[in-house]
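Each remark here refers to the structure printed beneath this line.
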There are 2 protein chains.
Amino acid sequence: MVSRNRQESGKENLRQEIMDAARELFVAEGYASVSMRKIADKIGYSPTTIYLYFRDKSDLLHQICEQTFAHLAQNIKSIQQLSDNPLEKLRSGLREYVHFGLKNPSQYEIVFITPLPHQFESDFSESNGKVAFDTMRDVVTECVLDNLLKTKDVELISQTLWAGIHGITSILIKHEHFPFVERDKLIDNVIETLIAGTRA
Amino acid sequence: MVSRNRQESGKENLRQEIMDAARELFVAEGYASVSMRKIADKIGYSPTTIYLYFRDKSDLLHQICEQTFAHLAQNIKSIQQLSDNPLEKLRSGLREYVHFGLKNPSQYEIVFITPLPHQFESDFSESNGKVAFDTMRDVVTECVLDNLLKTKDVELISQTLWAGIHGITSILIKHEHFPFVERDKLIDNVIETLIAGTRA
DNA sequence: AAAATAAATTAACAGCGTTAAGTTATTTTG
DNA sequence: CAAAATAACTTAACGCTGTTAATTTATTTT
């Protein structure tokens, strides 16, 4: 079965090569502007080869998103571990969420903003985006246990915070032309407003 | 000049006819899935006729968005006039914004959520989007003048509040399957959290 | 070495946004 | 009232797009 392993690893290599090329192009030019032919050109294969590894264009993007969001969940966890203070953990997690979205706008767009084609109803509840959300909920629980927040409704607070950070992330991505105040100042203010409004 | 006026009003009628057909299709099937040919079919003209009234497909969408923005701005203004208390005006305005989005999810989606082509650069200073945002900023200014808020940076506060209400509106529209807590409770909590976090 | 299988390609389809040229209908002018 | 001018609209076409089916090339198994 050695030969079979070699074969499969070769397949996996090309699969990852396609994903890397596609991610670069999606980020640089936007999902809609990148054609399958462009991706194929970049890696020196014919366009139809991509269909041996991905069902269609949106599946390709979906797989890229899942990979990146697994990284996000890990990022948030790592950052939170740097502090012992539950409230500081919460703050750094929220900040990392927004930061991630702005660093990967195309991928954030597809997972949290644009609905995927109805062929596969792979929605938020099955994505790694939810894993990232769960890490935030865990920290909210810590805060509640320490009596740091105004209510003990962990779910209500978590969803409120998520709404807030999703809001700032998505409008910064979508409304590029809007005359925003200085970006980091706005992000800070959103996060501090959310935390202040949630505190005991 | 009577004949010329008749001619122009005919042109305006077809222009509005195109916009109505396009909005319906965009709402039902999404911007990307609707072709110029589909729109033309719906109104019984050839596809190229649309180009006599709109520069291109994104210009057509842009004009539709302007109409929706105007509608939203008027709604918020009307609701705010019902109260004298600045903080209550602010609260009712925020609530109306979310309410408008949930009552017109497809239109909200097109204007505020759906990712637009990169070339879609509009002059915000002359758009109705600015008009809608200004109605909220004016009430924030009232609150600041009454020393009700923690800072006097009207722009920063307004943009923070917009991020928050856009966040809850868009996730309620986009992630209908998500196990949210009771909807009105969540909306209330987001708005109260935002206001509490912004108050003096 | 032959057969089987996997991997990648070529050719093609139907549809897209958009432009240029041509046609029909309306209005203006002499 | 007819001719010229203009406005309104259509036809034909270009170069793209995502995707499928058939086919060729390369590798592995027998």
Side-chain angles (χ1 to χ4, degrees), chain A residues 1-19 21-23 25-26 28-64 106 110 114-120, chain B residues 1-19 21-23 25-26 28-64 110 114-121:
Chain A
M1 284 295 163
V2 176
S3 58
R4 184 152 180 256
N5 284 342
R6 240 200 321 266
Q7 178 192 122
E8 276 184 355
S9 102
K11 243 203 155 194
E12 274 313 303
N13 283 346
L14 180 49
R15 185 185 160 85
Q16 190 59 54
E17 209 180 325
I18 294 170
M19 288 176 75
R23 175 170 38 235
L25 288 171
F26 287 158
E29 306 175 22
Y31 174 71
S33 304
V34 175
S35 71
M36 298 299 260
R37 288 164 175 86
K38 244 189 235 173
I39 299 169
D41 274 0
K42 191 179 171 99
I43 57 173
Y45 283 83
S46 90
T48 51
T49 296
I50 300 173
Y51 289 87
L52 302 174
Y53 299 86
F54 302 93
R55 195 178 347 187
D56 53 31
K57 192 185 174 187
S58 67
D59 180 43
L60 171 54
L61 181 52
H62 176 68
Q63 302 301 330
I64 291 171
S106 303
I110 212 64
T114 306
L116 287 172
H118 295 305
Q119 19 182 322
F120 36 51
Chain B
M1 284 294 164
V2 176
S3 57
R4 186 155 175 252
N5 285 342
R6 243 203 314 269
Q7 179 191 121
E8 278 182 354
S9 103
K11 242 203 156 192
E12 275 312 303
N13 283 346
L14 181 48
R15 184 184 160 85
Q16 189 60 53
E17 210 180 324
I18 294 170
M19 287 177 76
R23 176 170 38 235
L25 288 172
F26 288 159
E29 307 175 23
Y31 174 73
S33 305
V34 175
S35 69
M36 298 297 261
R37 289 164 173 86
K38 245 188 233 174
I39 300 168
D41 273 0
K42 192 180 170 100
I43 58 172
Y45 283 83
S46 90
T48 50
T49 296
I50 300 174
Y51 289 86
L52 303 172
Y53 299 85
F54 303 92
R55 196 178 325 124
D56 52 32
K57 193 184 174 188
S58 69
D59 180 43
L60 172 53
L61 176 58
H62 175 68
Q63 302 302 330
I64 292 172
I110 288 174
T114 303
L116 302 177
H118 271 135
Q119 69 206 38
F120 196 83
E121 295 286 332

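We name chains A, B, ... by the order of the sequence lines, and we start the count at 1 in each one.
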Atom-pair distance ([atom1] on [X]; [atom2] on [N]), nearest Å:
X     : N      : atom1 : atom2 : value
B:R37 : C:dT19 : CZ    : P     : 13 Å
B:I39 : C:dG17 : CD1   : C1'   : 11 Å
A:I50 : D:dT19 : CD1   : P     : 10 Å
B:D41 : D:dT10 : CG    : P     : 11 Å
A:L14 : C:dT9  : CG    : P     : 9 Å
A:F26 : D:dG18 : CZ    : C1'   : 12 Å
A:F54 : C:dA7  : CZ    : C1'   : 15 Å
B:R15 : D:dA7  : CZ    : C1'   : 17 Å

How close do [X] and [Y] get, heavy atom to heavy atom, and via which atoms?
X     : Y     : value
B:F26 : B:K57 : CE2-CE, 4.3 Å
B:I64 : B:A22 : CD1-CB, 3.8 Å
B:A40 : B:S46 : CB-C, 3.7 Å
A:P47 : A:R37 : CG-CG, 3.7 Å

Exercise. Looking at C:dT18, does its base get a donor-acceptor pair with the side chain of B:T48 below 3.5 Å?
Worked result: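 When only heavy-atom distances are counted, B:T48 does not reach the base of C:dT18 through any donor-acceptor pair under 3.5 Å.
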
Exercise. So, does the side chain of B:T49 form a donor-acceptor pair with the base of D:dT10 at under 3.5 Å?
Worked result: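 In this structure, the two groups form no donor-acceptor pair.
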
Problem set entry | Pairing partner (Watson-Crick or G-U wobble, both distances under 3.5 angstrom) of D:dT30 |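 Answer to the pairing question: C:dA1, which forms a Watson-Crick or G-U pair with D:dT30.
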
Problem set entry | Nucleotide nearest B:Y51 (side chain, heavy atoms from C-beta), chosen from C:dA8, C:dT19, D:dT19 |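 Taking heavy atoms from C-beta onward, the closest nucleotide is C:dT19.
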
Exercise. Just checking B:S46: base, sugar-phosphate only, or nothing, at a heavy-atom cut-off of under 4.0 Å?
Worked result: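 B:S46: base contact, heavy atoms under 4.0 Å.
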
